[in-house]
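No hydrogens, no waters, no symmetry mates; every other heavy atom, side chains included, goes into these values. These figures come from a predicted structure and were not determined experimentally. Residue numbers start from 1 in every chain, and the chains themselves are labelled A, B, ... in the order their sequence lines are given, proteins ahead of strands.
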Amino acid sequence: MERIAVIDFETNGLAPGSHCRATEIAVVLLENGRLVDRYQSLMNAGVWIPSDIERLTGISNRMLKTAPPVAQVMREAADFVGSTPLLAHNASFDKKFWDYELGLLGRQRTQDFACSMLLARRLLPHAPNHKLGTLNSWLGLPATGRAHRALADTEMAANLMLHLAGLLQRQHGVAEVSHGLLCQLQKQPAAKVAAWLSARGH
DNA sequence: TGCCAGGCCCTCTTTAGGGCCTT
C-alpha cells in the first residue's frame, strides 16, 4: 500500500473560527501496511477550552499555556505531511480544521482526504456503531492510549485503516488498496459498494 | 466565562427531517 498520512485534531469546539481552533494534532505515516513515522504536538492558538471539552480530551487551558504557538506546530505538521494523501476518522471534521489552520499560514491543501468512518460504514455495516473507539474495541484492535488525545486516536484510525485494507485484500481480492480507491469507495452509495464487494466474494 | 457546525445517509424522502460522527 502506498504511503498515507493519518491525522487527528483535538480542538476546543466543532467548527473552526476565531474562538474555535485546534489544540492538538497528531500524524502517523503508514507505508506498506506499517506505521513508519509519527508527529504529535499540543498547540497554543490563544483560545479557551470549555470545561466539558477539557473533561473529554484531558487537554486543559493550563497545558496550552506552555504549548508551542499554533503557527509553528501547523508549519511542522504540514511539512511532515507534505503531499502525502491524507486519511482521518470522520474526515469532514479534520479537513475543516486542517484547511482553516493552513489557510491562516497562507498555505493550501493539495491532496484528498480519505475517511475511515465512511469506509467503515460501507465495509463494516454490521458494527454496533461507527465511532472510532467502538470500532477499535469491536474489531479487537490494539489499545493505543487515552481516547480523545490526538496520538491515541490517530493510531486507532491507522489500525482501523489497516484492518479495512486487509478486508479489501483478503476477503474481496483487491490486489492494491490505493488512497484513490478508498476515496472512490467512500463516495459511492453504501448499497452500490455492498453489491461490488459481494460480487468479489467474501 | 464559554458561545458553537456540517456532510453523510436513511426514510414514514426528493418542495424534508433527523440521527450519526467529529471536539
Can you tell me, in whole Å, how much space there is between the [atom1] of [N] and that of [M]?
N: B:dC3; M: B:dG7; atom1: C1'; answer: 23 Å
N: B:dA5; M: B:dT23; atom1: C1'; answer: 11 Å
N: B:dG2; M: B:dC8; atom1: C1'; answer: 29 Å
N: B:dG6; M: B:dT1; atom1: P; answer: 28 Å
N: B:dC12; M: B:dG18; atom1: C1'; answer: 12 Å
N: B:dT22; M: B:dT15; atom1: C1'; answer: 31 Å

Original post:
Under a 4.5 Å cut-off applied to non-hydrogen side-chain atoms, are A:Asp94 and A:Ile25 in contact?
Top reply: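 The answer is no, as the side chains (C-beta and beyond) never meet within the 4.5 Å cut-off.
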Original post:
Should A:Asp8 and A:Leu132 count as side-chain neighbours, where that means a heavy-atom distance under 4.5 Å?
Top reply: no
Subject >> Upstream residue (5' side of DNA chain B) when A:Pro189 and A:Ala15 are each assigned their closest nucleotide >> reply: A:Ala15
Original post:
With nearest nucleotides of DNA chain B determined for A:Lys187 and A:Ser92 from heavy-atom distances, which residue corresponds to the more 5′ nucleotide?
Top reply: A:Ser92
Interatomic distance, [X] [atom1] vs [N] [atom2] [rounded to whole Å]:
X: A:Asp99; N: B:dG6; atom1: CG; atom2: P; answer: 14 Å
X: A:Phe93; N: B:dT22; atom1: CZ; atom2: P; answer: 10 Å
X: A:Lys192; N: B:dC8; atom1: NZ; atom2: P; answer: 16 Å
X: A:Phe9; N: B:dG6; atom1: CZ; atom2: P; answer: 18 Å
X: A:Phe97; N: B:dG7; atom1: CZ; atom2: P; answer: 14 Å
X: A:Asp94; N: B:dG6; atom1: CG; atom2: C1'; answer: 14 Å
X: A:Leu14; N: B:dG2; atom1: CG; atom2: P; answer: 17 Å
X: A:His89; N: B:dC8; atom1: NE2; atom2: P; answer: 15 Å

N/O donor to acceptor pairs below 3.5 angstrom from side-chain atoms of residues 70-78 of chain A, sequence neighbours left out:
unit_1: A:Gln72; atom_1: NE2; unit_2: A:Glu76; atom_2: OE2; d: 3.3
unit_1: A:Glu76; atom_1: OE1; unit_2: A:Tyr39; atom_2: OH; d: 2.6

Original post:
From the list B:dC10, B:dT23, B:dG6, which nucleotide is the closest neighbour of the side chain of A:Ala190?
Top reply: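 The listed nucleotide nearest to A:Ala190's side chain is B:dC10.
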Subject >> Nucleotide nearest A:Asn12 (side chain, heavy atoms from C-beta), chosen from B:dC3, B:dG7, B:dT22 >> reply: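 Looking only at heavy atoms from C-beta outward on A:Asn12, the closest nucleotide is B:dC3.
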Please list, for nucleotides 16-20 of chain B, all pairs of protein and nucleotide N/O atoms separated by less than 3.5 Å.
unit_1: B:dC20; atom_1: O2; unit_2: A:Arg121; atom_2: NH2; d: 3.4

Original post:
Roughly how far apart are A:Leu87 CG and A:Asp112 CG, rounded to 0.5 Å?
Top reply: 11.5 Å
**OP:** Look up atom CG in A:Leu119 and atom CG in A:Leu185, then write down how far apart they are to the nearest 0.5 Å.
**Re:**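 A:Leu119 CG to A:Leu185 CG: 6.5 Å, rounded to 0.5 Å.
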Subject >> side chain to side chain donor-acceptor pair (under 3.5 Å) partners of residues 58-69 of chain A, not counting sequence neighbours, each pair once >> reply: none
Subject >> Pairs involving residues 77-87 of chain A, ordered by first then second residue, that meet side chain to side chain donor-acceptor pair (under 3.5 Å) (sequence neighbours left out) >> reply: A:Asp79-A:Arg107
Original post:
Looking at DNA chain B, which of residues 150-166 of chain A put a heavy atom within less than 4.0 Å of it?
Top reply: A:Asp153
**OP:** May I ask you to list the residues of residues 44-64 of chain A, by number, that have any heavy atom positioned under 4.0 Å from an atom of DNA chain B?
**Re:**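 Of all residues in residues 44-64 of chain A, the ones placing a heavy atom under 4.0 Å from DNA chain B are A:Trp48, A:Pro50, A:Ile53, A:Leu56, A:Thr57.
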Using distance only, find each side-chain donor-acceptor pair of residues 31-38 of chain A under 3.5 Å and give its atom names and separation, not counting sequence neighbours.
unit_1: A:Glu31; atom_1: OE1; unit_2: A:Arg3; atom_2: NH1; d: 2.4
unit_1: A:Arg38; atom_1: NH1; unit_2: A:Glu155; atom_2: OE2; d: 2.2

**OP:** Only counting residues at least two apart or in another chain, list the ones meeting side chain to side chain donor-acceptor pair (under 3.5 Å) with A:Glu54.
**Re:** none
**OP:** For A:Ser92, check side chain to side chain donor-acceptor pair (under 3.5 Å) against everything at least two apart and list the hits.
**Re:** A:Asn90
Original post:
Which residue pairs pass the ring-ring contact (aromatic ring centres under 6.0 Å, His included) test with at least one member in residues 127-156 of chain A, sequence neighbours excluded?
Top reply: none
Subject >> Those residues that, when tested against A:Asp99, pass salt bridge (charged side-chain N to carboxylate O under 4.0 Å, His left out) (two or more places apart) >> reply: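 Listed in chain order: A:Arg109.
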Subject >> Short side-chain N/O contact from A:His19 to OP1 or OP2 of B:dC4, under 4.0 Å >> reply: no
Can you give the donor-acceptor pairs under 3.5 Å from side chains of residues 9-16 of chain A to other protein atoms, not counting sequence neighbours?
unit_1: A:Thr11; atom_1: OG1; unit_2: A:Gly13; atom_2: N; d: 3.2
unit_1: A:Thr11; atom_1: OG1; unit_2: A:Gly13; atom_2: O; d: 2.4
unit_1: A:Asn12; atom_1: OD1; unit_2: A:Arg21; atom_2: N; d: 2.8
unit_1: A:Asn12; atom_1: ND2; unit_2: A:His19; atom_2: O; d: 2.9
unit_1: A:Asn12; atom_1: ND2; unit_2: A:Trp48; atom_2: O; d: 2.8

